[in-house]
There are 2 protein chains.
Amino acid sequence: MKKTDINSTEIARLAGVSRSTVSRVINNYANVPPETRDKVLKVIEEHNYFPNASAQVLAGKRSRTIGLFMIEQGRVSGDILTNMLIVSVIEHASEYGYYVLTHILRDAKDAELIKGVREIFYQRRIDGGIFIGADNPEPFIEELIAEGFAIGVVDQELPEHPEPNRIVLNFNNDSGMKQAVAYLAGLGHTNIGIINGDMKRLSGVTKFEGFKMAMRMCGLQVNPRWVLDGDFNETGGYEAIQTLLDRREDLPTAIVAANDSVAFGAIRALKERGLRVPGDISIIGFDDHALSEKHHPALTTIRVDLGDMMKRMTAYLITKIEQKSPGAKEITLDCSLVVRDSCRRV
Amino acid sequence: MKKTDINSTEIARLAGVSRSTVSRVINNYANVPPETRDKVLKVIEEHNYFPNASAQVLAGKRSRTIGLFMIEQGRVSGDILTNMLIVSVIEHASEYGYYVLTHILRDAKDAELIKGVREIFYQRRIDGGIFIGADNPEPFIEELIAEGFAIGVVDQELPEHPEPNRIVLNFNNDSGMKQAVAYLAGLGHTNIGIINGDMKRLSGVTKFEGFKMAMRMCGLQVNPRWVLDGDFNETGGYEAIQTLLDRREDLPTAIVAANDSVAFGAIRALKERGLRVPGDISIIGFDDHALSEKHHPALTTIRVDLGDMMKRMTAYLITKIEQKSPGAKEITLDCSLVVRDSCRRV
DNA sequence: CTGAAAGCGCTTACAG
DNA sequence: CTGAAAGCGCTTACAG
């Protein structure tokens, strides 16, 4: 079915040199005189020759492929975010001449699926991997890091004695929450509630901690009845509001949602029960999801630059793989308030 | 940095057999007695051993990786569709034990980028590839097919003497257009316009052809002033309507858009000019984009199951790679009308 | 049923 | 500056 593949032996023969020299040309070694190099390059060009990647890797080169592992527990609400994130990693990896093997994990606790991830690393299909959506910590990721694989994680803590092959990126959720609460307080809100995210994830915890601290700084009380459980999904926000309304007690005048999807769900539930946003209750989100601007009402939220985060992550990981960076790497990125129409002055 | 990798020699030693036998166990060959197999599997299990993928490929096995090449000329409007499509391919490939190398091509005419695609194939990083968004035909894809690589393409014609390694999947745009026009005619519309897609793509052409045929079947005239150029993007729809309105001539009472993104753009332009949809002009889309339901007005459209298409494509491609299917493969999938709020009776 | 050996297509010390 | 040769870790006829 295939035309005979050409190999380095053939190129060497055609160029009148040895395979060693062909290899030196391909790998851009310094000790090849320009004439030899040009002669070889010409033959390579003419024959559409590309060295077999497996042979190169087996002989010790890198695979120039990174793994992108997305843990998505069946949710779809992250659609647009997910897409932007995948594309961001792929495009930046490609700038470094790296390829991306994307892998989706529907359940990070399923032993078979975990084995599949391990397989990708141990088979040396990839030089390193990026994990999105993992718990903090996630045992199988810890194991891979312990094995020495170069790994980047979003939304996890840096351990006390971090391995040099670990990269951790986070957003400054503390600062984000402070901005959200300060903004609401500035609008005169004192009765502020929160719908939390998934507390197994670092951002679930840091957002709640940030919220509490921010309330304290604004001289406001956290009413435990207005601290609602959620999970970072639209459904979580929807159900949190239903629970709240079913209790038929006092309502907060403003609610901070752990992210925009949660906010969408919350607003949907409020509308269904005849409450207006922001007329009756103000809602502020987190993330600045692509849909937030088009939402009715347009969602006031804390903007986070996920594209930038993935771009950095990709760059750091590749740098790490190429051993141009020594120790562990940790970065915390800023976030900022975006005012739209879902919060009102009281 | 890495613990010493274990290899098949080591496994063989520990299990007290030869590497040949280890290989036979790994590859599930029949001629290994159960006791031997179990003994070897136990050692493999215990040592977390996974055979080096490069060595396997070099020795003649498949890479179990397919390429997903997305040609996206800088547009973002396809966001949700793109995401769904990537995820669909990845998940179905994974069911067959295949990995997906995703690659984004911002410009299918850029020689450097094309070389990058060719490299992936010739380096044998992948066993086959899927192309989305290509022109019909696209020379460099034709070349890859001629080279014998297993390739699946969406939205292209099957040539007269198709190579056995070619897979072509399309939607029945003819039927879709007939449903759209028949529906509008049924609502009493006789003045129906169209905003075309990119005519370099097969669906651009077939949709327009389908439209003309459908108009004829409904006994309606195609007014050339109401045949507007577009490009499958939101902007294309927006600009088409501006051009139309700037001419200050009679307007159609209904417009068929080449896809939903185009319809969104068209509606945005109409609203900006003070025209109501469907009050003044009815608009019908094509695709049933994830946003169409949430759009104001909710978009009446022709639904197409892109997820199903990618699922089939993935399955066909892998079957082809594993040589379980002989000749070329061509499938045309149905589409169906979804009535919402963007068309009215006249 | 099983092992020894060749071979896949590269890279890279080594020697000159 | 350059070539011969070993080695990467598998698979697979081949022989028994």
Side-chain angles (χ1 to χ4, degrees), chain A residues 2-41 43-44 47-65 119-125 127, chain B residues 2-41 43-44 47-65 119-127 322:
Chain A
K2 306 270 166 60
K3 288 188 196 170
T4 24
D5 279 337
I6 197 163
N7 58 23
S8 71
T9 308
E10 194 65 7
I11 297 291
R13 197 179 58 71
L14 292 164
V17 296
S18 71
R19 292 160 69 217
S20 314
T21 300
V22 172
S23 179
R24 285 183 190 109
V25 169
I26 289 169
N27 293 291
N28 254 309
Y29 285 5
N31 53 353
V32 182
E35 310 85 69
T36 313
R37 131 175 256 87
D38 289 349
K39 189 172 60 182
V40 174
L41 280 179
V43 178
I44 288 179
H47 291 77
N48 240 318
Y49 166 72
F50 295 95
N52 181 300
S54 296
Q56 288 185 304
V57 173
L58 193 55
K61 309 235 85 170
R62 295 191 196 89
S63 68
R64 300 193 77 81
T65 306
E119 183 169 25
I120 296 176
F121 279 92
Y122 285 94
Q123 286 193 323
R124 302 280 153 187
R125 284 181 180 272
D127 298 328
Chain B
K2 305 271 167 57
K3 288 188 198 173
T4 26
D5 278 338
I6 196 163
N7 59 23
S8 72
T9 308
E10 193 65 6
I11 297 292
R13 197 178 58 71
L14 290 165
V17 297
S18 70
R19 292 159 70 217
S20 316
T21 299
V22 172
S23 179
R24 285 184 190 107
V25 170
I26 288 169
N27 294 291
N28 254 311
Y29 286 5
N31 53 354
V32 182
E35 312 85 67
T36 313
R37 130 175 258 87
D38 289 348
K39 188 171 59 180
V40 174
L41 280 179
V43 178
I44 288 179
H47 292 77
N48 239 317
Y49 167 72
F50 295 95
N52 180 301
S54 297
Q56 287 184 307
V57 173
L58 193 56
K61 308 237 86 170
R62 295 190 197 90
S63 68
R64 299 192 79 79
T65 306
E119 183 170 24
I120 296 176
F121 280 92
Y122 285 94
Q123 287 193 321
R124 302 279 154 189
R125 283 180 183 274
I126 55 178
D127 298 328
E322 305 193 334

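Both backbone and side-chain heavy atoms feed into the values below; hydrogens, waters and symmetry mates do not. Each chain gets a letter, A, B and so on, in the order its sequence line appears, and its residues count up from 1.
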- request: Report yes or no: do A:T21 and A:R37 form a side-chain donor-acceptor pair below 3.5 Å?
  value: no

query: Roughly how many Å is it from CD in A:Q56 to C1' in D:dG9, rounded to a whole number?
result: 16 Å

field: Any B:Y49 side-chain N or O less than 4.0 Å from OP1/OP2 of D:dC10
entry: yes

- request: Please report, rounded to the nearest Å, how far the P atom of C:dT12 is from the CG atom of A:N31.
  value: 12 Å

- request: Looking at every strand, decide which applies to A:N7 at a 4.0 Å heavy-atom threshold: base, sugar-phosphate, or nothing.
  value: sugar-phosphate

message: Between D:dG9 and A:R124, counting only base atoms on the nucleotide and side-chain atoms on the residue, is there a donor-acceptor pair under 3.5 Å?
response: no

field: Among D:dT12, D:dT2, D:dG3, the nucleotide that comes nearest once only the side chain of A:P33 is considered
entry: D:dT2

- request: Would you confirm whether A:N7, through its side chain, and A:T9, through its main-chain N or O, come within 3.5 Å as a donor-acceptor pair?
  value: yes

query: B:N27 has an atom CG; how far is it from atom C1' of D:dA13, in whole Å?
result: 14 Å

Distance, C1' atom - from C:dT12 to C:dG16, rounded to whole angstrom: 16 Å

query: In whole Å, what is the span from the CZ atom of B:R13 to the P atom of C:dG3?
result: 15 Å

- request: Give the nucleotide from the list D:dG3, D:dT12, C:dC10 with an atom nearest to the side chain of A:P51.
  value: C:dC10

message: Side chain of B:L58, heavy atoms from C-beta onward: which of C:dC10, C:dG9, D:dT12 has the nearest atom to it?
response: C:dG9

field: Short side-chain N/O contact from A:N52 to OP1 or OP2 of C:dC8, under 4.0 Å
entry: no

message: Regarding B:T65 and A:R125, do their side chains bring together a donor and an acceptor under 3.5 Å, going by distance alone?
response: yes

- prompt: How many Å lie between CZ on B:R19 and P on C:dA5, as a whole number?
  reply: 12 Å

message: Looking at C:dT2, I'd like to know if its phosphate oxygens (OP1 or OP2) sit under 4.0 Å from a side-chain N or O belonging to B:S20.
response: no

message: Heavy-atom nearest nucleotide on DNA chain C for A:V22 versus B:A55: which residue maps closer to 5'?
response: B:A55

query: Using a cut-off of 4.0 Å on non-hydrogen atoms, how would the nucleic acid contact of B:T21 be classed: base, sugar-phosphate, or nothing?
result: sugar-phosphate

- prompt: Does B:D127 reach the main-chain N or O of B:S63 with its side chain, forming a donor-acceptor pair under 3.5 Å?
  reply: yes

- prompt: Should A:Q123 and B:Q56 be marked as a side chain to side chain contact (heavy atoms under 4.5 Å, CB included) after you check the CA-CA gap, both sets of side-chain angles, and the distance that decides it?
  reply: CA-CA 10 Å; A:Q123 286 193 323; B:Q56 287 184 307; 4.0 Å; yes

task: Whole angstrom is fine here: how far is it from CZ in B:R125 over to P in C:dC10?
output: 13 Å

message: Once you apply a heavy-atom cut-off of 4.0 Å, does A:T36 come out as touching a base, just sugar-phosphate, or nothing?
response: sugar-phosphate

statement: In Watson-Crick or G-U wobble terms, with both distances under 3.5 Å, the base opposite D:dA13 is none

task: Look up atom CD1 in B:I11 and atom CZ in B:R19, then write down how far apart they are to the nearest 0.5 Å.
output: 12.5 Å

message: For a quick check, tell me whether the side chain of B:S18 and the base of C:dA4 share a donor-acceptor pair closer than 3.5 Å.
response: no

task: Grab the CZ-C1' distance between A:R24 and C:dC10 for me, whole Å please.
output: 13 Å

task: Rounded to the nearest angstrom, tell me the gap between atom CD in A:E10 and atom C1' in C:dC8.
output: 16 Å

query: If pairing requires Watson-Crick or G-U wobble contacts with both distances under 3.5 Å, which nucleotide is the partner of C:dA4?
result: none

